[in-house]
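Since the structure comes first, as structure tokens, the remarks are kept for the end.
Naming: A, B, ... by sequence-line order, numbering from 1 per chain. Note that the structure is predicted; figures quoted are calculated from it, not measured.
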Amino acid sequence: MRMSQLFGQTLREAPSEAEIASHQLLLRAGFIRQLAAGIFSYLPLARRSLNKIENILREEMDRIGGQEMTMPVVHPAELWQETGRWYRIDAEMGRFKDRNNRDMVLAMTHEEVVADLVRREVRSYRQLPRLIYHIQTKFRDDPRPRAGLIRVREFTMKDSYSLDADWDGLDQQYRQHYQAYYNIFQRCGLPVIAVKSDVGMMGGQMAHEFMYLTPAGEDTLLICENCGYAANRQIARFQKPAAKDEPALPLEKVATPGAKTIEELANFLNIPREKTAKAVFVMATFPTNTTPGKPSTAPKLERFVFAIIRGDMDVNDTKLANALGATALRPATEEEIRAIGAVPGYASPIGLMGINQNTASTRPFVVVVDDLIPSSPNLVAGANLEGYHLRNVNFGRDYTAEITADIAAAGEGDACPNCAASMRTVRGVEVGNIFKLGTNFSDALGCTYTDPDGQEKPVIMGSYGIGSGRLLACVAEQHHDEYGLKWPITIAPYQVHLVALLGRSSSDTDILANQLYSDLVDAGIEVLFDDREESPGVKFNDADLIGIPLRLTVSERALKQGGVEVKRRDQAERQIILLTETITFVKTEIAKMEAEINSLVKTIPYPD
RNA sequence: CGGGGUGUAGCGCAGUCCGGUAGCGCACCGCGUUUGGGACGCGGGGGUCGGCGGUUCGAGUCCGCCCGCCCCGACCA
């Protein structure tokens with residue numbers, strides 16, 4: 001490609017809206033342009049890199065038996081109504097009506113379409129297992145796109161779907177993806193770690209996220225450097241400090257004027273925070289019963305939740321929602337809190353409406369306690385009376401709960417659940433995920449097959465995603481310096497950046513550079529040829545900015561020294577090679593760089 | 001959705017407080033010089049100052065409403 005013909009140009013200064021390196025550099029180097037919040041055009045340079053990423057995705061998917069296909073971006077609403085997500089998902093789903101006034105959906109993901117295909121195509125266990133995948137555009141109207149290509153609204157994703165007759169088959173395909181994903185990221189030059197993650201609204205049995213660790217990330221992870229435990233904060237476990245065992249003392253009301261927070265309470269009574277019980281109030285939304293084919297129009301089912309955790313800890317919303325089986329949580333309003341007879345700031349599980357009957361079903365609320373509470377005696381809790389607390393509150397004796405579960409948020413310094421070493425928090429970007437869906441979608445959409453015994457059984461599914469644009473941005477984030485991008489050879493838009501410096505008597509170098517360009521192209525090498533009439537400074541700076549791995553310079557000076565100058569973008573050294581040996585040298589150098597990356601691809605043990 | 005910021009030429013910005021003919025750098029076009037790390041000279045083009053409404057003889061500037069974009073939080077199959 002001649003740079004004089006390239007669509008798109010470099011920018012000397014980055015638009016002020018870009019803050020992180022990958023966003024600034026991809027804009028400046030002419031890879032991407034923003035059309036609206038979280039919606040981008042990918043210019044030719046980016047398109048070439050994305051093609052390479054997508055081909056790596058294809059190779060690794062094909063290697064584990066994947067079959068590529070394409071599924072639509074526009075779906076009829078009926079399909080999403082069948083699984084209930086039409087109702088459960090709010091404004092994040094792009095919806096419109098077609099000319100016949102039918103409700104339509106912009107694909108956020110493709111489980112519905114896969115399941116619909118499966119129920120039409122799959123009849124017999126003989127048709128299983130299968131692995132299908134596609135690389136397709138999706139749209140999620142995210143409330144807050146950010147960080148350039150890291151979090152966007154319109155994006156392209158490789159998503160694969162495994163179809164199995166039994167759980168062992170699912171497990172096998174899941175493990176194969178686990179390794180294939182490591183291969184993919186390593187081949188793209190991106191270091192990642194796999195962490196267990198929340199299964200969220202997808203239900204299912206198990207999920208891993210592949211995280212690229214960077215301060216620009218938006219997810220928080222807890223990692224143990226001692227034993228390797230790593231988990232998304234949403235589900236991270238930790239060893240809770242055991243409370244001192246002591247005999248239960250009698251309840252005692254104590255005046256605590258103005259002490260509405262745990263901090264104030266602990267200071268006022270001069271006790272450590274772990275001797276207090278913190279009350280947290282949320283409204284939880286529960287799924288309404290949706291019968292397949294019969295869209296539910298029932299209003300959302302909401303219940304008040306009274307969660308209790310020790311004062312030295314915080315509630316983890318995801319853990320709490322999972323313990324409840326709720327689909328969403330929101331903070332309760334002060335009116336809602338008072339409506340169940342609790343006093344904000346002095347709330348207590350003791351003496352609430354209905355609590356003494358201990359008939360959970362008649363209570364207008366659910367009580368959840370963290371699993372550390374039953375073994376933490378003599379805590380200070382609210383008295384449900386403005387200005388008063390209760391000393392020596394004991395779970396079991398003074399109150400009970402419907403649910404006892406781990407609902408505590410892990411944080412920096414908490415003890416590793418496996419080895420008790422102090423854990424660290426790091427930020428990361430989720431670049432891929434793998435998900436054991438199980439039979440959720442099969443059940444909702446009626447995907448069944450007949451097994452060898454003639455029994456009808458649900459197809460067992462898994463889904464596995466990698467966003468190609470996000471991956472591109474993360475590689476840019478990982479591989480750059482103050483001058484620009486530094487693409488790994490495997491996904492660089494071109495392999496060689498040929499710079500022609502025309503000099504005073506331009507004809508010689510001009511002819512030589514053009515000849516070299518066509519020789520390289522004829523040799524099958526991907527070349528970006530800077531044939532523009534620009535000064536050397538401009539050309540070198542643009543080459544550094546665009547970040548193609550190998551730079552060749554044809555100039556009077558280099559010719560006088562005997563040939564062409566070669567420089568790797570990721571190294572400072574330059575050398576002169578004979579013009580006649582350029583093609584061979586370049587091929588060798590490319591092979592060397594490819595080998596460097598491919599040597600990183602190795603088998604990762606699957607953690608059981 | 002809450003909090004903060006911002007919107008003036010393709011990009012970066014000044015001008016807004018204190019109303020009076022819209023500027024600078026880069027980029028772009030033409031001519032000439034220059035050619036190993038973002039050259040120089042001369043000449044040139046490009047603006048509904050985010051939008052609508054109001055105040056005023058007069059609004060980029062003051063007032064009101066709305067919109068876009070960015071950051072933090074909430075959210076995130």
Side-chain angles (χ1 to χ4, degrees), chain A residues 8-20 23-24 27-28 30 33-39 80 83-85 88-93 107-112 114 138-148 150-153 155 157 159 161 197-204 207 209 216 218-219 232 234 282 317-318 321 327-331 429-430 433-435 437 440-441 461-465 467 483-484 499-506 509-510 530 532-545 551 553-561 565 567 574 576:
Chain A
Q9 59 186 323
T10 57
L11 305 173
R12 191 174 293 200
E13 287 173 290
S16 58
E17 72 225 23
E19 286 205 346
I20 67 167
H23 191 195
Q24 291 180 344
L27 283 168
R28 283 189 54 209
R33 294 292 182 255
Q34 183 166 333
L35 182 62
I39 300 179
W80 289 75
T83 57
R85 289 162 118 185
R88 284 206 300 276
I89 298 171
D90 198 20
E92 198 175 343
M93 181 184 288
M108 307 173 69
T109 171
H110 285 80
E111 281 84 9
E112 272 79 358
V114 169
K138 301 177 197 295
F139 182 80
R140 294 179 194 170
D141 198 352
D142 198 291
R144 190 156 99 78
R146 57 175 290 274
I150 302 270
R151 187 176 184 85
V152 293
R153 295 193 294 169
F155 58 100
M157 205 169 184
D159 44 328
Y161 300 89
S197 65
D198 178 41
V199 293
M201 292 252 290
M202 298 287 286
E209 289 171 344
E218 55 195 345
D219 288 335
N232 193 304
Q234 292 179 321
V282 297
D317 287 352
T318 307
T327 55
L329 300 181
R330 64 167 175 86
V429 177
E430 180 187 347
N433 60 33
I434 58 177
F435 222 108
L437 290 177
N440 297 2
F441 287 88
M461 290 175 58
S463 82
Y464 316 85
Y483 303 107
V499 176
L501 301 185
L502 298 182
R504 209 175 311 269
S505 53
S506 66
T509 45
D510 191 32
D530 193 346
R532 300 173 302 172
E533 289 190 22
E534 289 289 352
S535 70
V538 170
K539 292 190 171 191
F540 286 133
N541 279 303
D542 276 351
D544 288 343
L545 180 57
R551 189 183 80 190
T553 307
V554 176
S555 68
E556 235 173 272
R557 183 202 282 187
L559 287 170
K560 268 187 207 146
Q561 293 173 51
E565 181 194 273
K567 180 184 174 297
R574 305 157 188 216
I576 302 290

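A donor and an acceptor atom never sit less than 3.5 Å apart when one is taken from the side chain of Arg28(A) and the other from the base of rG12(B). Applying the 3.5 Å distance criterion, the base of rG36(B) shares no donor-acceptor pair with the side chain of Glu556(A). No hydrogens or angles were tested; on distance alone, a donor-acceptor pair under 3.5 Å links the side chain of Arg574(A) to the base of rG37(B).
Taking the C1' atom of each, rA22(B) and rG58(B) are spaced 16 Å apart, rounded to whole Å. Here the separation of rA74(B) from rG38(B), taken at their P atoms, is 45 Å to the nearest Å. A distance of about 11 Å separates the C1' atoms of rU61(B) and rG20(B), rounded to the whole Å. A gap of 41 Å separates the P atoms of rG47(B) and rG73(B), to the nearest Å. Across the C1' atoms, rC26(B) and rC72(B) are found 32 Å apart, a figure rounded to whole Å. The separation of rG12(B) from rU6(B), taken at their P atoms, amounts to 15 Å, rounded to a whole angstrom. Separation of the P atoms belonging to rA59(B) and rG51(B) is 14 Å when rounded to the nearest angstrom. Distance check on atom P: rC65(B) versus rG2(B) gives 15 Å, rounded to whole Å.
Shown here for Glu112(A) and Phe441(A), the closest heavy-atom pair between the two residues is OE2-CE2, 3.8 Å.
Glu19(A) comes within 4.0 angstrom of sugar-phosphate atoms only, judged by non-hydrogen atoms across all strands, and of no base. Within 4.0 Å of Ala147(A), counting heavy atoms only, lie sugar-phosphate atoms of the nucleic acid but no base atom. Residue contacts for Asp317(A): at a heavy-atom cut-off of 4.0 Å it reaches the sugar-phosphate backbone alone, with no base atom in range. In this structure, Arg551(A) reaches the bases: a heavy-atom distance under 4.0 Å links it to at least one base atom across the strands shown. Nucleic acid contact class of Met93(A) (heavy atoms, under 4.0 Å, all strands): none.
Side-chain atoms of Thr509(A) and Glu556(A) include no donor-acceptor pair closer than 3.5 Å. Between Glu565(A) and Ser555(A), the side chains place no donor N or O within less than 3.5 Å of an acceptor N or O (distance only, hydrogens not considered).
Applying the Watson-Crick and G-U wobble criteria (two distances, each under 3.5 Å), rU33(B) pairs with rA39(B). Partner assigned to rU56(B) is none, using Watson-Crick or G-U wobble distances below 3.5 angstrom. In a base pair of the Watson-Crick type (N1 to N3 plus N6-O4 or O6-N4) or a G-U wobble (N1-O2 and O6-N3), with each distance short of 3.5 Å, rG45(B) is matched with no nucleotide. With both pairing distances under 3.5 Å, rA22(B) is matched to nothing as a Watson-Crick or G-U wobble pair. Base pairing annotation: rC76(B) forms no Watson-Crick or G-U wobble pair, as no partner gives both donor-acceptor distances under 3.5 Å. Pair check for rU16(B) finds none; no Watson-Crick or G-U wobble contact set falls under 3.5 Å. Here rA27(B) sits opposite no nucleotide as a Watson-Crick or G-U wobble pair (both hydrogen-bonding atom distances under 3.5 Å). When both distances must be under 3.5 Å, the Watson-Crick or G-U wobble mate of rC65(B) is rG51(B).
Following rounding to the nearest Å, Arg146(A) (CZ) and rG68(B) (C1') show an atom-to-atom distance of 20 Å. Distance, Glu534(A) CD to rC40(B) C1': 14 Å, rounded to whole Å. Rounded to whole angstrom, the span from the CD atom of Glu17(A) across to the C1' atom of rG50(B) amounts to 14 Å. Between Asp542(A) atom CG and rG36(B) atom P there is a gap of 17 Å when expressed in whole angstrom units. Put simply, NE2 on His23(A) is 10 Å from C1' on rC70(B), counting in whole angstrom units. Lys567(A) has its NZ atom 15 Å from the P atom of rG37(B), to the nearest Å. Between the P atom of rA27(B) and the CG atom of Leu545(A) lies a distance of 15 Å, rounded to the nearest Å. Remark: C1' of rG30(B) and CD of Glu533(A) are 14 Å apart, rounded to the nearest angstrom.
Contact check, Ser16(A) against rC13(B): a side-chain N or O comes under 4.0 Å of OP1 or OP2. Look at Arg144(A) and you'll find a side-chain N or O under 4.0 angstrom from OP1 or OP2 of rC72(B). Arg12(A) has no side-chain polar atom (N or O) that falls below the 4.0 Å cut-off from OP1 or OP2 of rG10(B).
The residue among Ala558(A) and Arg151(A) whose nearest nucleotide of RNA chain B is located toward the 5' end is Ala558(A). Along RNA chain B, the nucleotide closest to Pro143(A) and the one closest to Gln34(A) are compared, and the more 5′ of them pairs with Gln34(A).
Side-chain contact check for His110(A) versus Tyr161(A): some heavy-atom pair is nearer than 4.5 Å. With a 4.5 Å cut-off on side-chain heavy atoms, Asn232(A) and Asp219(A) count as touching. The side-chain heavy atoms of Leu501(A) and Lys539(A), taken from C-beta on, include a pair separated by under 4.5 Å.
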